[in-house]
Amino acid sequence: MDLKLQLLDSFPARGSDGKAYKVCAYERLRRDDTVHDGQDRWLSTGVTEYRLDSGDQIDARADGGMTVLHSGVTLQRA
């Protein structure tokens with residue numbers, strides 16, 4: 001399945017390391033293979049993915065907490 005990310009929002013966050021970060025929220029889209037008109041059509045998967053502006057993935061929890069996966073730095077929305 002082909003996936004594509006569409007930027008929804010971005011916001012500042014403060015890390016447990018004291019640094020400032022920019023968090024980007026993306027909607028995951030999948031290619032709609034039911035339409036064969038030669039144009040790319042994309043449908044929402046209903047999944048929102050969070051990443052730093054550098055591209056590093058973030059684990060976002062329901063309680064609003066976020067952790068940068070590769071470093072373990074926790075983030076709080078500023």
Other ILVMFWY residues reachable from W42 by side-chain steps of under 4.5 Å
L29
Residues which pass salt bridge (charged side-chain N to carboxylate O under 4.0 Å, His left out) with D63, listed by chain and number, not counting sequence neighbours
R61
Give a yes or no on whether the backbone of R30 and the side-chain of T45 come within a donor-acceptor separation of less than 3.5 Å.
no
Got a sec, which pairs hit salt bridge (Lys or Arg N to Asp or Glu O under 4.0 Å) with one end in residues 43-59, sequence neighbours left out?
R28-E49, E49-R51
With sequence neighbours left out, what residues match D9 under salt bridge (charged side-chain N to carboxylate O under 4.0 Å, His left out)?
R77
Only counting residues at least two apart or in another chain, list the ones meeting side-chain hydrogen bond (donor to acceptor under 3.5 Å, both in side chains) with Q57.
none
side-chain hydrogen bond (donor to acceptor under 3.5 Å, both in side chains) partners for S44, two or more places apart:
E27
Could you list the residues that satisfy salt bridge (charged side-chain N to carboxylate O under 4.0 Å, His left out) with R41, not counting sequence neighbours?
D37
If every non-hydrogen atom of T48 is compared with every non-hydrogen atom of A25, which pair is closest and at what distance?
CG2-CB, 4.2 Å
What distance separates R14 CZ from D17 CG, expressed to the nearest 0.5 Å?
9.0 Å
Who else is in the cluster with L75 when I, L, V, M, F, W and Y are joined by side-chain contacts under 4.5 Å?
F11, Y21, V23, Y50, L52, I58, M66, V68, V73
Connected-component partners of L7 among ILVMFWY, side-chain separation under 4.5 Å:
L5, Y26
